[in-house]
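Fair warning: this is a prediction, and the values are worked out from it, not measured in the lab. By convention here, the first residue in the shown sequence is residue 1.
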Amino acid sequence: MKITIIAVGKIKERFYRDAIAEYGKRLAKYCRFEIVEVEDERTPDKASLVLEGQIREKEAGRILKCVRPEAYVVTLEIKGQKMDSPAFAEAIGKLATYGTSHIQFIIGGSLGLHTSVSARADRRISFSELTFPHQLMRVILAEQIYRAYRILNGEPYHK
C-alpha cells in the first residue's frame with residue numbers, strides 16, 4: 001500500500017523533520033510512505049473573513065492538484081470522526097483488505113481546509129479537539145500510521 005500525507009507548508013524545524021524521517025524509515029517495512037508539501041499562503045494578522053476564505057481556496061487548489069483520482073482521501077479536521085489507535089488501525093486494515101492501494105491523508109494550513117477539500121474526502125477524522133501546530137500534526141499522524149501497522153501485524157508497541 002502507498003500512504004501519502006499531503007500537507008500545507010514546509011517544515012522549518014529540524015526536530016520535526018528528523019521525527020518524520022524516523023517514522024518514514026520505520027514505515028518502509030509496511031508501506032510506501034511519502035509526504036507532499038504544498039505552498040502555503042501568507043496570512044496577515046487580523047485578516048478579514050473574506051481574505052481567510054480566499055487563502056483557504058488558494059491552498060485547496062494546490063492540495064487538490066496532488067490528490068490522485070484512485071486514492072482514498074482522509075482529511076484531518078477538528079469536526080472529523082474521533083477514534084482510538086486500534087480503530088484507526090482497523091480502518092487502514094479494512095481499506096487494504098478491500099483493495100485500496102493508496103491512502104492520502106490531508107493536513108490543511110493554519111486556517112484549516114477549504115470546503116472543496118472536505119467535499120473530496122472519503123473520510124474525515126480528528127485526533128483531538130485540541131489545536132496542534134500543523135508541523136507537529138505531521139509527526140503525530142506518521143506515528144499513528146506506524147502504530148496502526150504494528151497493531152495490524154500483532155507486533156508489540158508501547159501504550
Side-chain angles (χ1 to χ4, degrees), residues 1-13 15-17 19-21 23-24 27 31-96 98-149:
M1 176 174 293
K2 181 175 184 179
I3 295 188
T4 304
I5 297 174
I6 300 171
V8 175
K10 294 198 178 299
I11 293 185
K12 296 170 185 74
E13 295 85 356
F15 55 90
Y16 287 142
R17 289 193 311 267
I20 291 167
Y23 284 112
L27 281 165
C31 66
R32 289 178 297 140
F33 177 75
E34 70 174 341
I35 294 186
V36 174
E37 295 178 332
V38 300
E39 184 183 353
D40 59 343
E41 286 292 312
R42 188 178 165 286
T43 304
D45 292 337
K46 300 181 184 176
S48 69
L49 291 177
V50 170
L51 180 57
E52 286 184 359
Q54 292 169 343
I55 290 169
R56 277 192 296 274
E57 189 171 11
K58 285 179 184 177
E59 291 175 347
R62 295 178 189 134
I63 291 167
L64 292 171
K65 283 182 184 176
C66 298
V67 172
R68 308 303 324 148
E70 74 285 354
Y72 186 90
V73 176
V74 180
T75 53
L76 275 62
E77 303 184 36
I78 290 173
K79 295 186 188 220
Q81 176 190 10
K82 290 178 181 54
M83 59 181 74
D84 59 15
S85 295
F88 184 70
E90 182 181 346
I92 290 175
K94 280 183 179 177
L95 289 170
Y98 293 111
T100 299
S101 62
H102 191 184
I103 302 172
Q104 290 186 303
F105 291 92
I106 298 175
I107 301 173
S110 61
L111 298 175
L113 294 170
H114 188 265
T115 55
S116 61
V117 178
S118 294
R120 171 55 183 91
D122 297 297
R123 184 172 209 161
R124 294 164 201 79
I125 63 171
S126 172
F127 281 5
S128 174
E129 291 187 22
L130 298 172
T131 301
F132 296 105
H134 290 82
Q135 297 85 352
L136 178 58
M137 197 60 231
R138 294 180 211 184
V139 176
I140 293 169
L141 178 56
E143 188 279 334
Q144 284 298 305
I145 294 166
Y146 174 67
R147 182 182 297 264
Y149 276 107

Measure from the side-chain N and O atoms of Arg124 to the backbone N and O of Lys79, and report whether any donor-acceptor pair falls under 3.5 Å. no
Nearest heavy-atom contact between Ile145 and Phe105 is CD1-CE1, 3.8 Å
Looking at every heavy atom in both Ile11 and Ile20, which two are closest together, and how far apart are they? CD1-CD1, 3.2 Å
Donor-acceptor pairs are to be reported for all side-chain atoms of residues 44-56 against protein atoms at under 3.5 Å, with residues two or more places apart or in another chain.
| residue | atom | partner | partner atom | Å |
| --- | --- | --- | --- | --- |
| Ser48 | OG | Leu51 | N | 3.1 |
| Arg56 | NH1 | Leu111 | O | 3.4 |

Would Met137 and Phe127 satisfy side-chain contact (heavy atoms from CB on, under 4.5 Å), going step by step from the backbone distance to the final call? CA-CA 9 Å; Met137 197 60 231; Phe127 281 5; 2.8 Å; yes
Would His102 and Thr4 count as a side-chain contact (heavy atoms from CB on, under 4.5 Å) here? Give the steps. CA-CA 8 Å; His102 191 184; Thr4 304; 2.8 Å; yes
What is the minimum heavy-atom distance between Ser118 and Glu77, and which atoms define it? OG-OE2, 2.9 Å
Check Ile92 against Met1 and note the closest heavy-atom contact, atom names and distance. O-CE, 4.4 Å
What verdict does the side-chain contact (heavy atoms from CB on, under 4.5 Å) test give for Phe132 and Leu76, after you've listed the backbone C-alpha separation in whole Å, the side-chain angles of each residue and the deciding distance to 0.1 Å? CA-CA 11 Å; Phe132 296 105; Leu76 275 62; over 6 Å; no
If you count every heavy atom of other residues, nucleotides or ligands that lies below 6.0 Å from Lys10 atom NZ, does the total exceed 12? no
Hey, what's the ring geometry for Tyr146 with Tyr23, parallel, tilted or perpendicular (30° and 60° as the breaks)? tilted
Could you check whether Gln144 and Ser85, counting side-chain N and O atoms only, form a donor-acceptor pair closer than 3.5 Å? yes
Does Asp122 pair with Arg120 as a salt bridge, N-O distance under 4.0 Å? yes
Could you walk me through whether His134 and Ser110 pass the side-chain hydrogen bond (donor to acceptor under 3.5 Å, both in side chains) check? CA-CA 7 Å; His134 290 82; Ser110 61; 5.8 Å; no
Quick one, Arg32 with Glu34, criterion side-chain contact (heavy atoms from CB on, under 4.5 Å). Give me CA distance, side-chain angles, the key distance, then yes/no. CA-CA 7 Å; Arg32 289 178 297 140; Glu34 70 174 341; over 6 Å; no
Which atom pairs, one a donor and one an acceptor, fall under 3.5 Å between side chains of residues 61-74 and the rest of the protein, sequence neighbours left out?
| residue | atom | partner | partner atom | Å |
| --- | --- | --- | --- | --- |
| Arg62 | NH1 | Glu39 | O | 3.0 |
| Arg62 | NH1 | Glu41 | OE2 | 2.9 |
| Arg62 | NH2 | Glu41 | OE2 | 2.5 |

